[in-house]
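Written out below as structure tokens is the structure these notes cover.
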Amino acid sequence: MTERKIELEVLRYRPEQDAEPWFQTYTVPCPEEWVVLDALNYVKDEIDRTLSYRWSCHMFVCGSCGMVIDGEPKLACKAFLRDYGDKIRVEPLANFPIERDLVIVMDDFMEKLESVKPYLIPKEEKSLDEGSYLQTPAQLKAYKQYSMCINCMLCYSACPQYGLAPEFIGPAALALAHRYNMDSRDVGRKAREDTVASHEGIWECSFVGACSEVCPKSVDPAGAIQQVKFSSAIDYFTSWLPGGGSR
Amino acid sequence: MDTVTTDIAVVGAGGAGLRAAIAAAEADPAVSVLLVSKVYPMRSHTCAAEGGAAAVAKSDDSLEYHFNDTVTGADWLADQDAVELFVNEIPRELTLLEHWGCPWSREDAGEVAVRPFGGMKIKRTWYAADKTGFHMLHTLFQTSLKYPSIKRLDEHFCVDLLVDDGRCHGLTAMEVRTGRMKMIKAKAVIIASGGAGRIFAFTTNGAIKTGDGMAMAYRAGVPLKDMEFVQYHPTGLPGSGILLTEGCRGEGGYLLNKDNYRYLQDYNLGPAEDKPRLKAMELGPRDRLSQAFYHESQKGRTVETKWGDVVYLDMRHLGEKLIDERLPLVRDLARSYVNADPVTDLVPVRPVVHYMMGGIHTDINAATTIDGLYAAGECACVTINGANRLGSNSLGELLVFGARAGRFAVEHVKSVKAPGDIIEKQAADSEGRVKALFRRPKSGERVAAMRNALTLSMEDGCGIYRTEETIRSTCNTITDLRARFQDLALEDHSNVFNTDLYQALELGCMIEVAHTVAQSALERKESRGAHQRLDYEARDDATYLKHSMAYYNPNGDPRIDYADVVITKSQPAARVYGGSAA
Ligand SMILES: Cc1cc2nc3c(=O)[nH]c(=O)nc-3n(C[C@H](O)[C@H](O)[C@H](O)COP(=O)(O)OP(=O)(O)OC[C@H]3O[C@@H](n4cnc5c(N)ncnc54)[C@H](O)[C@@H]3O)c2cc1C
């Protein structure tokens, strides 16, 4: 079998040299088991040392290599060349400033992630001598899905709302807040509410669901946001009942 | 050059670095901690750990059993005081992670569940499905956000340590976004930079595992200990090297040769029973299993593929429900990368470089030979792993010794004198070295070509079985590469996110670390654990029940010295697995 070759059209942008982004085309081999990341590594090692992108684990878990591949946000290590045509377009994640080539500036994402108090807030400190909390498989299941986020930011790239209103906290950070809220060991929902249930929080989401569609880990951020909205609405209404809530 | 000042600087924000930072913050909130990492914390390779972390938790287990398993697994090269401390402290560390929210898999009544792992007499490996390291890393990272004294410099590449009169006073780092060098002045430095599996061609390790921190300490004069001991994991996917966790075998998977025969029974690991038997067959230790593969392939009983010989991992009898519940990532990876669904198909696997038993020499307080310099995690060598690490001991190790590094560093900063001006000069020299590399011409030796030459030569000469001849040939390649590094080409001359420069810096570290592996392997004329010499097949306790210590030599081969192994309760004996294992 003669080896198939494909063309990678890669967005290039080096702020010191380039006035604006442009596309560079590289011709690369296309073995059956290769993913887009392998093709980029081939470019970097064999053709052009100046191409920059982030990657590390090559096994869908470190979250480094999120990119837009043929118009869709994907992990480059999970996008098999065999599933694409002879020309593949590779761009950085949308909705973020480009730092260089396929590398985006992720400061905003990190701030948002940190802003939702993404850590366990227990009812009271438990000493180590008391051992572990009990948590049944059903209680684990209640939040497990939301704990699977690898912070790859594909959902931010897909989210129309984040594109329009960058102050929106966004899918991954909201799903993470929900992960802790749903944990049987946690009582921090109120503490997270200020950020999460604010205007920049859940209420910005227009529930298009694009975030859940692109998630490589089936976290379903859209579902999480919907649930948060629901429970925050309930909280809001109970707070107006006689003796209800903390407002 | 910008200057940043902190009490404690931590090189690396993986499991060990984060645990160290949190321990320091809890010990004294007034002590400032700076996590400096070349990638964002959640990209650290701890995220890739699948199988779990061992700690005594159940009533049928005991600290003594965990101790004995670890020391035997290590082929008696572990320091027994360190192992004892480790097995004592790890149950509390895993419980602490539970308190911080780690989603450990559970039994029906809500207790933390455990699974069997290779070389362990009792089931004691805590797990979070097959994404244990991922959950541990994210739990640690997210928990670290609670502590105001912990600050971070993400995507900063650490380059050199600053040492004056035997004391460490900080380091230099390059901000990847701008290419700017920074001098980080610190009263204590903790290196937690992870392993160096990338010095081999075929590895489970991510791109970032290039041994930078080991090289930094080594160049500063700290010996690298037991570097010849490199762990091959028996079940990597051919081609990519992606790991299928030992949990596959812990849950009951079989290893089959080309005749569908469970060949491990021919290597003193039997009897072959349907259900997993602890410390036998597929639950033997990794060194033995990888060595058995080598012999099977010598006998022509493996299957040839374009990515080299393979055997099969058979999980079909485990059923879809169990596989989906406990090994979902394995299923995803096998289907995607080798088009084999473990539920219905045999999955091709071969041994793959996985873990460095050796590393920066430390004592049981994680202190190195330089005052104020600590090391923990895979980059360090305490050593609890000796000649062969047991699966699921390293996630525990990074917690126990990461935490100790943090606490002892806090103690240390209280008594530190100000450094002399010499460190400013060292920082300027370090900046000069990086700038010189940055200004290298576009033509010359290519980073990728040199890296390939290195990693293939390591695979050929320092693989599962070694001989004087193969190792010497690798040593020669390394000497050659050290010279060629002076003529390295740099094609990218922009300051912003220059990964050409980043990889050139990594390559420099890889060459130094590989040099210590090869030289230590050459001089250890015996076979022990993961270091197997075809020309010296027996273990030789009289001469080599010793740690090798590799010292940096800028102009030649590392100098290898030896240090005693700490033996307290367990005298060296034969390692017995299979039916007659204790
Ligand atoms: C696929 C896989 C599966 C595994 N499964 C298990 C398992 O089930 N159980 C088990 O016990 N062990 C397992 N291991 C081993 C274990 O995961 C590692 O030994 C451990 O996670 C290493 O953690 P660490 O904190 O030392 O390093 P890492 O998590 O690798 O972190 C290193 C840190 O150092 C930083 N760094 C490195 N160089 C520099 C530099 N020059 N400048 C700045 N920062 C730098 C990196 O950015 C990173 O933050 C597995 C390993 C692999 C590869």
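Here is the naming used below: chain letters follow the sequence lines, and residue numbers restart at 1 for every chain. These numbers come from the heavy atoms of this one structure, side chains and all, not from hydrogens, waters or symmetry mates.
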Nearest heavy atoms of A:P137 and B:D108, plus distance in Å:
CD-O, 3.5 Å
Please determine, by modelled atom types, if A:R49 and B:Q503 share a side-chain donor-acceptor pair under 3.5 angstrom.
yes
Shortest non-hydrogen separation from A:K144 to B:P103 and the atoms involved:
CD-CB, 4.3 Å
Hey, are the side chains of B:H493 and A:T50 touching, using non-hydrogen atoms and a 4.5 Å cut-off?
no
Go through B:W104, B:Y502, B:W307, B:F141 and name the one with the most non-hydrogen pairs under 4.5 angstrom from chain A.
B:W307
Residues 118-132 of chain A vs salt bridge (charged side-chain N to carboxylate O under 4.0 Å, His left out), sequence neighbours excluded, gives A:D129-B:R92
Tell me whether B:E98 contacts the main-chain N or O of A:Y133 through its side chain, where contact means a donor paired with an acceptor under 3.5 Å.
yes
Between B:H99 (side chain) and A:L120 (backbone), is there a donor-acceptor pair under 3.5 Å?
no
Picking from A:E32, A:E16, A:K78, which has the most non-hydrogen pairs under 4.5 angstrom with chain B?
A:E16
Please name the pair of heavy atoms, one in A:M59 and one in B:A48, separated by the smallest distance, quoted to 0.1 Å.
CE-O, 3.8 Å
Please list, in residue-number order, every residue in residues 36-46 of chain A that has a heavy atom less than 4.5 Å from any heavy atom of chain B; write 'none' if there are none.
A:K44, A:D45, A:E46
A:R54 side chain near B:E155 side chain, heavy-atom distance below 4.5 Å
yes
Region of A:S127 in contact with chain B, defined by heavy-atom distances below 4.5 Å:
backbone
So for A:P118, is it side chain, backbone, both, or neither that comes closer than 4.5 Å to the heavy atoms of chain B?
both
Apply side-chain contact (heavy atoms from CB on, under 4.5 Å) to residues A:C62 and B:H45 and explain how you reach the verdict.
CA-CA 7 Å; A:C62 79; B:H45 207 59; over 6 Å; no
Contact summary for B:S105 and A:L140, nearest pair of heavy atoms
CA-CD2, 4.1 Å
Option in B:R446, B:E107, B:R451 with maximal non-hydrogen atom pairs under 4.5 Å from chain A:
B:R446
With a 4.5 angstrom heavy-atom cut-off, is it the side chain or the backbone of B:L137 that approaches chain A, or both, or neither?
neither
Tell me, side chain or backbone of A:F60 under 4.5 Å from chain B's heavy atoms, or both, or neither?
side chain
Heavy-atom distance under 4.5 Å to chain B: side chain of A:Q17, backbone, both or neither?
side chain
At a 4.5 Å cut-off on heavy atoms, which part of B:I242 comes close to chain A: side chain, backbone, both, or neither?
side chain
So which part of A:K141 gets closer than 4.5 Å to some heavy atom of chain B, the side chain, the backbone, both or neither?
neither
Flag yes if more than 12 heavy atoms outside B:K442 fall under 6.0 Å of its NZ atom; otherwise flag no.
no
Under 4.5 Å from a heavy atom of chain A, the part of B:E325 involved
neither
Go through the steps to decide whether A:S132 and B:W126 satisfy the test side-chain contact (heavy atoms from CB on, under 4.5 Å), and finish with yes or no.
CA-CA 12 Å; A:S132 299; B:W126 303 35; 4.2 Å; yes
Among A:V61, A:I150, A:N151, the one residue meeting side-chain contact (heavy atoms from CB on, under 4.5 Å) with B:M42:
A:N151
Can B:K306 and A:E33 be counted as an ion pair, charged N to O under 4.0 angstrom?
yes
Looking at NZ of B:K209 and OG of A:S56, how far apart are the two atoms once the value is rounded to the nearest 0.5 Å?
9.0 Å
Where on A:M148 is there a heavy atom nearer than 4.5 Å to chain B: the side chain, the backbone, both, or neither?
both
Taking the side chain as every heavy atom from C-beta outward, state whether B:R43 and A:C57 have any atom pair closer than 4.5 Å.
no
Using heavy-atom distances under 4.5 Å, tell me whether A:Q135 contacts chain B through its side chain, its backbone, both, or neither.
both
Heavy-atom pairs under 4.5 Å with chain B: which of A:I121, A:D183, A:L176 has the most?
A:L176
Measure from the ring center of B:Y337 to the ring center of A:H58 and say whether it is less than 6.0 Å.
yes
Hey, does the side chain of A:R14 reach the backbone of B:V496 with a donor-acceptor pair shorter than 3.5 angstrom?
no
Set out, in order, the CA-CA distance, both residues' side-chain angles and the distance that settles salt bridge (charged side-chain N to carboxylate O under 4.0 Å, His left out) for A:E114 and B:R152, then state yes or no.
CA-CA 13 Å; A:E114 292 171 24; B:R152 297 198 318 269; 3.0 Å; yes
By a 4.5 Å heavy-atom criterion (distance strictly below it), what part of A:F80 contacts chain B: side chain, backbone, both, or neither?
side chain
Return the option, out of B:A129, B:A113, B:A57, B:A207, with the maximum number of heavy-atom pairs under 4.5 Å with chain A.
B:A207
Do B:E93 and A:L128 have side chains that approach each other closer than 4.5 Å (heavy atoms only, starting at C-beta)?
no
In this structure, which one of B:N498, B:D500, B:T499 forms a side-chain hydrogen bond (donor to acceptor under 3.5 Å, both in side chains) with A:S52?
B:T499
Measure A:C65 against the heavy atoms of chain B and call it side chain, backbone, both or neither at under 4.5 Å.
neither
Are side-chain heavy atoms of B:Q142 and A:Y180 found at a separation under 4.5 Å?
yes
One option among A:D107, A:D101, A:V35 has the most heavy-atom pairs under 4.5 Å with chain B, and it is A:D107
Whatever's closer than 4.5 Å to a heavy atom in chain A on B:N339 counts as neither
For each of A:R179, A:K117, A:E99, tally heavy-atom pairs with chain B at distances under 4.5 Å, and name the one with the top tally.
A:E99
